[in-house]
Amino acid sequence: MLRLSWDILRHVTQYISNCPSALGSTMPYDESSLLTKITQHLNATQASGTAHTASILRGSSGGSTNNAALFLNLNEQLKSSQLEARQRNALLTFLLFMADSKYTTENGSSSNPSVPPSFSRTRYSNPNAFLPPNNTIQTLRGHTFHKAQNSTPFVGNGGVSSGIYNSSEINHKISVLRQSNYQTGNHSGSENDSTPSSVSMIPTAASTQFPLRAGSIGPDPSKMLETQSNINDDIVQNVIYAFTGIPGKYLKKDVVSGKFKLDVKAKNLNVVQAGMMLRLAELGYYHDLVKSYTDTKSGLCALGLMGQGFISALRAELTKYYGMVALLQEQLNKQKQTEKGALHSITNRQERLTLMKILVWSVDPLQRLQLLAAIAEACQEKKGGALASTVHGFLSSGNPMVKNLAKELLVAICGPLYQMLTKWLLEGEICDPHGEFFIECLVEVGPDRLWHDKYRVRSSMLPNFVTTDMANKILVTGKSINFLCEICEDKQPVKGRDELRQCIEENAEHIFSAVADTKLHSTIDSIYLNTSKRVLDIVMGPHKLLEHLQAMRRYLLLGQGDFIGILMENLKSELDKPAKELYSYDLSSIMDAAIRSTNAQYDDPEILNHLDVRLMSPCDGDIGWDILSLQYTVRGPLATMLEPSMRIYQVLFKPLWRMKHMEFVLSSKIWKDQKCNSKPLRPMAAELDKVLYRLHLFTSEMIHFIHQMQYYILFEVIECSWAELQEKVQNAKALDDILNAHDEFLTTIKCGAFLDSNSGDLCHNMETVYEAIVRLEVWQDKFYELCFRELNSRKEFDKDVLESEKLGKFGVTAEKKLERDQEHKIFEQTLSSYHKSLENIGGDYEAAVRCFLLALNSNNDHNLQLFGIRLDFNEYYKKRDQRLGVPLTFEHMRMSNIYFNNSKSLLGSRIN
């Protein structure tokens, strides 16, 4: 019996031990003082013969047991229960508080209904002899009442499931204890309004029994019991009303906060009843809060189809809650009906519904409603993936109850997401009227941009349980189905459709997994690979993607050298004309002739049909070389895939064409003219040697520069990048792998051709070099024109002399001689000015080359640094510019690294 009494005391007071704030944050005594005062009180009650509560603790062991020793033994068991000091202190304060007889008499009720309050006060002359002063008790009660209004139930990190006991278990233990007490004749009368009968085991002065004097008349116990039962039922009914948000006799709603508060007219409630009612009313407040989030007109609920799933889950939770409240109401109704037709015996009162039982029952629903309110508040006005991400964040909680609740809500929310995901992965269609799916379709984009721009991931709607890699796979899978159906006109279903549909229906929760190793993830990966392989087979087979990429490299990136050389030779006469006098159909015929006369004629005719000549819009002063461009036209699925890349090919073609044009000018024009004109101008060698020497020197420098530049870009950049592209194409598992490798290929060429944003200085210096070459071409044409004009004048003069000799005149007239001398003098002056202009051209060229070398040697790319060394292989420019000799150059960097590594190795050997 003693063990049963202790179990019931533990069950009833468990909530109070978990919520020490209910008795105030400041206790009147510490633990040792409380033990001393309770022990003194027990000794005093045992000595006066009024300790009826102690009889419950003694049970059947007889009356010789010392109450103080028994209490200390129970206190040791309390310490061994691993409660914190503040919880034990709160529980001991509660016991001392309940032992004060003044509490029960002040609130108009007694522990023993058979003893009138007035009689109890007269028989027990000093009930507070060993208790704190009355003003201290009053302060404690007032502070407790205040804390009961404002405190909320304690929710531990580990959940409250271990601290919740069902009503039947508590009722059974209370029933056993009461029956045993009545069998021994030590029952304590009726229960308090707010405290179950198990609390009567607490030693209090007010709960003791006193024998009535002979002839004394007291109140009718049955009427008192009936009145007390009606008050208790009324209080319980008000609490049940508050659970569903309905105000009653004792509890009213605050208009501003929506919380329940006590009615100022409720005078017959004691402190404990008021505090417990306010605590229970918190359940109604959170009920109203959760209910407000299910009202679509409140403006607080989630949006869209997934938001409707969330609202339906909240309503389902409220329905379960209403079922539990209905059970309480049913129990209360049965209790009232039973008490109307039966005597108020202890057997009929064993299953009474009291505030303490409801308080124990309400812990789990209160915590669940609090969690629902917190989750619903975090999901206000959110939709789609953002809503799912918010709820998924609660899965990281360490509380199992929070994790289970969040998982249930997440399953309800993601129902529409599963349907949209299935529709997209199986049919390539997006059914998203509210913009909740993380895949977005741009309706205004045409089919020619389907692969690159029509579909994209909507980052704001991407749930945090779907990784970026998985989202991209889902995007590519649906995009591939659309590509096959709309562009390739391939209606054949993709392998694995039925397996994916079944997996989503049976294992939908796997998508919430933190690690992508579930069956659902593997199924999505499988259909992604199957779909990608199907697309890859079509574009690489019938549509010849690799062959078209190779054709663009050969013709647009000038990889077909013989074709480009013949084309320039044939187009020279046309391209030297002003740009406005050219017509594309004339140039196209010349290009076709160049194809027929080179190895390009052996290419696939289907490939050659895509090649054409395009003339860009001319500007004032442009010639044909400035506006000519080769164009490779792609159609069908290739246009969808390669359309964004065609602009990059046009950007790359212009500098490559200009570089090839400079090589053509130097090799086929300047150098060729020099070789062809050297023999006719031998008679004037003495006068032209100095100028021709400088001309040949500058020409050699320019040819060396252009050849090295062409070798670097066409071979080291383009050919090496193309070899890497071919290797990646062979190992590609999806179309995006090929397109990404192709984009990387073009990006590498842009950097290698000095067309990226970081190569502005290099590009400017290269253009200066090209301008110097063009100026040299113009200068040389004028120079040879001057030389041949002088040479022809001299030949005419000599011819006149020979003719005069034949005629016997033997010479020329003085006028002709003077004229010839004057022309020779003008020639010498003009030749001197040409020499100076040639030096200016050479100086500008040399300055541009030095700046170009400085930019190369200062670059972090070692390939560019090595390219700079090849350009200045004999250190000619380095000796003429001291800036190239500072330690920024690659040579000094290399020497510094060698010295640093050697020093490091020496230091390591010394340490070892």
For the student: nearest non-hydrogen atoms of [X] and [Y], plus distance:
X	Y	answer
S597	I566	OG-CG2, 3.6 Å
Y877	E701	OH-OE1, 3.3 Å
N857	G868	OD1-CA, 4.0 Å

Could you check whether [X] pairs with [Y] (Lys NZ or Arg NE/NH1/NH2 to Asp/Glu carboxylate O, under 4.0 Å)?
X	Y	value
R458	E436	no
D872	R850	no
K580	D622	no
E785	K782	no
E724	K728	no

Testing the 3.5 Å rule here: is there a donor-acceptor pair between the side chains of [X] and [Y]?
X	Y	result
Y455	N482	yes
D612	S588	yes
H696	T699	no
D592	S589	no
T598	Q560	no
Y770	N765	no
Q674	Q780	yes

TODO: Decide yes or no for K750 and I648: does some side-chain heavy atom of the first lie under 4.5 Å from some side-chain heavy atom of the second?
DONE: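 The answer is yes, as the side chains (C-beta and beyond) meet within the 4.5 Å cut-off.
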
TODO: Kindly write out the residues that satisfy side chain to side chain donor-acceptor pair (under 3.5 Å) with R553, not counting sequence neighbours, or none if the list is empty.
DONE: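 Applying side chain to side chain donor-acceptor pair (under 3.5 Å) to R553 gives E719.
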
TODO: Using the test side chain to side chain donor-acceptor pair (under 3.5 Å), find all partners of H548 that sit at least two apart in sequence or belong to another chain.
DONE: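 Listed in chain order: Y632.
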
Using only atom types and a distance under 3.5 Å, with no angle test, would you say the side chain of [X] pairs donor to acceptor with the backbone of [Y]?
X	Y	value
E777	L666	no
D626	I623	yes
H742	L725	no
W424	I474	yes
S668	V665	no
K479	W451	yes

Open item on the list: With a 6.0 Å cut-off on the ring centroids, do Y711 and F867 count as close?
Closed with: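 Between F867 and Y711, which both carry aromatic rings, the centre distance is not below 6.0 Å.
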
Open item on the list: With a 6.0 Å cut-off on the ring centroids, do F483 and H543 count as close?
Closed with: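 No, the ring of F483 stays outside the 6.0 Å limit from the ring of H543, centre to centre.
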
TODO: Scan L652, I718, L558 and name whichever one has a side chain to side chain contact (heavy atoms under 4.5 Å, CB included) with I713.
DONE: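 Only match with I713 under side chain to side chain contact (heavy atoms under 4.5 Å, CB included): I718.
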
Task: Under the side chain to side chain contact (heavy atoms under 4.5 Å, CB included) test, residues paired with E574 that sit two or more places apart - done: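 E574: side chain to side chain contact (heavy atoms under 4.5 Å, CB included) contacts with K577, L582, L587, I590.
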
